[in-house]
Amino acid sequence: MTWETGDAGDYQVVAELVGARASELGSLDIQVREAEVEEPEQAPPAVAANTGDQQPADEPTPTVEAPPAPAGGAGADGGGMELGGQVPNSIGHADFMRQAGMTWVKFQAKWPYVDAGTAGAFVAAGHAAGFKVLLSIPGPPYPSSIDYNSYISHLGAVAASGPDAIEVWNEMNLDREWPAGQIDPASYVNNMLAPGFNAIKAASPGTMVITGALAPTGFFGGCTPSGCDDDAYLRGMAAAGAANYANCIGVHHNSGTTSPSARSGHVSGSGHYSWYFMPTLEVASGAFGGALPVCLTEYGYLTPEGYGALPANFNWAADNTVAEQAAWLDEGVGLARSLGWVRLVIIWNVGFTTWDTDPQAGYSIVRPDGTCPACVALGS
């Protein structure tokens, strides 16, 4: 890998391997000093350099005055709760998914790495297998800027392939997914969600639009340009009018060590709601006053059983077992269905095999021995 900067200063370079999910490969702190150069007799005209702290001249500005008028209506699209599973770039366990009662399949199609044609192929493959298709379309990790016009155009092109739902971005309350210093729920709604909703509905009126699911966290103590707690960000989205430009609120829950009905007892010792299933759902729904249903676009439990030791930053899941994974997923799906305001639950995941610094395989309901205890529990 190579990295280049034009300005002096202190930097942290973060490396990731980007596939269906991003795997962190480490970071390095670097100090860049001013170069010592002789001044020319007459300096040339100044040219603004794109150092990552500035918006390139050919990209849109990071804010707009107001979102466009909504097209196609918003809010719930009707129907009861449905179940699905996230797969890698292909559906390798369709029979297990059907056994579990899944009728949806989710693919992550990270922009700009996955073009509209490839995303359309995901849609075709899912429909051919008899599933409705959710496409999650986030962007590159640690962006310094976002070309909103290009992303919105991409959403319209992808929607033309007829996906049943599109999730607009992902975890935009963290600087891992949104430009540092620009994290702002109103900016997300005005610059991305609102025009994205209109582009999707213009190409495919029946496609459900889901807000990008946030990272559940209480780390920031509110909402700042550097990062936001999900409850504060959700309230900011609601205040900016997000309900006019979405059919469902995206939510994640994948760090549990207790049953879904528990509200305390996480191995971390924390009582913060983000570690627990029901409180996380309630925070999302409550922020919008029940105006939108909830779509749980990542719901999973990590267990190292069958693989070995977990990476240090995932040690909180060391005692989770496969039996607990199956029982908790089944309980959570039942609770979500009973609430009446959860539209969709996507199990994270079905058939991922990566086991490294990002132990995706430990979340898979298809275990190393080829069995799927969760499929039995969910389907019974």
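Judged purely by distance below 3.5 Å, without hydrogens or angles, the side chains of Thr303 and Glu324 never pair a donor atom with an acceptor atom. With hydrogens and angles left out, the side-chain atoms of His272 and Ser274 include a donor and acceptor closer than 3.5 Å. Inspection of the Ser261 and Ser259 side chains reveals an N or O donor paired with an N or O acceptor under 3.5 Å. Judged by distance alone, the side chains of Asp115 and His154 never bring a donor and an acceptor atom under 3.5 Å apart.
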* With side-chain contact (heavy atoms from CB on, under 4.5 Å) as the test, would you mind laying out the steps for Leu292 and Cys248 before giving the verdict? => CA-CA 5 Å; Leu292 290 177; Cys248 203; over 6 Å; no

* To do: Take Trp316 and Ser268, measure what side-chain contact (heavy atoms from CB on, under 4.5 Å) needs, and give me the verdict at the end.
  => CA-CA 7 Å; Trp316 49 264; Ser268 67; 5.7 Å; no

* Go through the steps to decide whether Glu171 and His252 satisfy the test side-chain hydrogen bond (donor to acceptor under 3.5 Å, both in side chains), and finish with yes or no. => CA-CA 9 Å; Glu171 297 190 347; His252 286 171; 3.0 Å; yes

* To do: Would you check, one step at a time, whether the test side-chain contact (heavy atoms from CB on, under 4.5 Å) holds for Lys132 with Val105?
  => CA-CA 6 Å; Lys132 296 179 181 180; Val105 61; over 6 Å; no

* Chi angles and distances behind the side-chain hydrogen bond (donor to acceptor under 3.5 Å, both in side chains) call for Thr354, Asp356 -> CA-CA 6 Å; Thr354 299; Asp356 54 20; 5.3 Å; no

* side-chain contact (heavy atoms from CB on, under 4.5 Å) assessment of Leu335 paired with Val342 -> CA-CA 9 Å; Leu335 283 171; Val342 176; over 6 Å; no

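Checked for salt-bridge contact, Arg337 and Glu82 miss the test: no charged N lies under 4.0 Å from a carboxylate O.
Counting only heavy atoms from C-beta outward, the side chains of Leu344 and Leu83 never approach each other to under 4.5 Å. A 4.5 Å side-chain heavy-atom check between Leu302 and Leu310 finds at least one atom pair inside the cut-off. With contacts defined as side-chain heavy-atom distances shorter than 4.5 Å, the pair Pro279/Arg263 qualifies. Phe220 has its side chain within reach of Leu174: a pair of non-hydrogen atoms, C-beta onward, lies under 4.5 Å apart. The shortest side-chain heavy-atom distance between Thr103 and Met97 does not fall under the 4.5 Å cut-off. Taking 4.5 Å as the limit, every side-chain heavy atom of Ile346 sits out of range of all side-chain heavy atoms of Glu298. A 4.5 Å side-chain heavy-atom check between Ile210 and Ile166 finds every atom pair outside the cut-off. Using a 4.5 Å heavy-atom threshold, the side chains of Tyr307 and Pro368 count as touching.
Side chain of Ser204 to backbone of Lys201: no donor-acceptor contact under 3.5 angstrom is found. Side-chain atoms of His127 never come within 3.5 Å of backbone atoms of Pro163 as a donor-acceptor pair (strictly under, hydrogens ignored). A donor-acceptor distance shorter than 3.5 angstrom exists from the side chain of Ser364 to the backbone of Val366, with no hydrogens or angles considered. Of the possible donor and acceptor atoms, one in the side chain of Asn191 sits under 3.5 Å from a partner among the backbone N and O of Ser187. A distance-only check finds no donor-acceptor pair linking the side chain of Ser161 to the backbone of Ala121 [under 3.5 Å]. Formation of a donor-acceptor pair under 3.5 Å by the Asn349 side chain with backbone atoms of Val87 is not found in this model. Checking side-chain atoms of Thr297 against main-chain N and O of Gly250 turns up no donor-acceptor pair under 3.5 Å. Between the side chain of Tyr188 and the backbone N or O of Gly212 there is at least one donor-acceptor pair closer than 3.5 Å. The backbone N or O of Ala318 lies less than 3.5 Å from no partner atom in the side chain of Asn315, so there is not a single donor-acceptor pair. Without hydrogens or angle criteria, Thr353 side chain to Ala361 main chain gives no donor-acceptor distance under 3.5 Å.
Using cut-offs of 30° and 60° for the angle between ring planes, the Phe197 and Tyr245 rings count as perpendicular. Ring planes of Tyr301 and Tyr299: perpendicular class, angle over 60° (limits at 30 and 60°). Classification of the His266-Trp275 ring pair by plane angle, with boundaries at 30° and 60°, yields tilted.
In terms of heavy atoms, Leu155 sits closest to Gly196 at CD1-CA, 3.7 Å. Contact record, Pro179 with Ser144: CB-O, 3.7 Å, taken as the closest heavy-atom pair. The heavy-atom pair separating Pro260 from Trp328 by the smallest distance is CG-O, 3.2 Å. For the residue pair Ser90 and Phe107, the shortest heavy atom distance occurs at N-CE2, 4.2 Å. In this structure, Phe352 and Pro88 approach most closely via the heavy-atom pair CE1-N, 3.3 Å. For the pair Leu193 and Val209, the tightest heavy-atom approach, listed with the atom from each and the gap, is CD1-CG1, 4.3 Å.
Here the straight-line distance linking atom OG of Ser226 with atom CD of Gln182 works out to 11.0 Å at 0.5 Å rounding. Considering CG of Leu135 and CZ of Phe122, their distance stands at 8.0 Å, rounded to 0.5 Å. Put simply, CD on Gln325 and OG1 on Thr321 are 8.5 Å apart, with the number rounded to the nearest 0.5 Å. Taking OH of Tyr142 as the reference point, atom CD of Glu177 lies at 8.5 Å (rounded to 0.5 Å). Rounded to the nearest 0.5 angstrom, Thr280 OG1 and Asp230 CG are separated by 7.0 Å. Rounded to the nearest 0.5 Å, atoms OG (Ser380) and CG (Asp330) are 5.5 Å apart.
Hydrophobic clustering places Phe288 together with Tyr273 (ILVMFWY residues linked when any side-chain heavy atoms are closer than 4.5 Å, directly or through intermediates). When hydrophobic clusters are built by joining Ile, Leu, Val, Met, Phe, Trp and Tyr residues whose side-chain heavy atoms come closer than 4.5 Å, directly or via intermediates, Met278 is grouped together with Leu329. Cluster annotation: Leu214 and Tyr276 are assigned to distinct hydrophobic clusters (Ile/Leu/Val/Met/Phe/Trp/Tyr, side-chain heavy-atom contacts under 4.5 Å, transitive). Hydrophobic cluster membership is shared by Met192 and Ile137, with clusters built from Ile, Leu, Val, Met, Phe, Trp and Tyr side chains linked at under 4.5 angstrom.
For Trp104 and Phe131, the distance between ring centers is not under 6.0 angstrom.
Screening Asn173, Ile183, Asp184 against Trp178 for a side chain to side chain contact (heavy atoms under 4.5 Å, CB included) leaves a single residue, Ile183. In summary, of the residues considered (Glu167, Gln86, Lys110), a side-chain hydrogen bond (donor to acceptor under 3.5 Å, both in side chains) with Ser136 occurs for Glu167 alone. When the options Asp229, Val251, Ile249 are evaluated for a side chain to side chain contact (heavy atoms under 4.5 Å, CB included) with Leu234, the one that passes is Ile249.
By the ring-ring contact (aromatic ring centres under 6.0 Å, His included) test, Tyr151 pairs with Trp111, Trp169, sequence neighbours left out.
Heavy atoms of other residues, nucleotides or ligands lying less than 6.0 angstrom from CZ of Phe219 number 12 at most. Within a 6.0 Å sphere centred on CG of Asp319, heavy atoms belonging to other residues, nucleotides or ligands number 12 at most.
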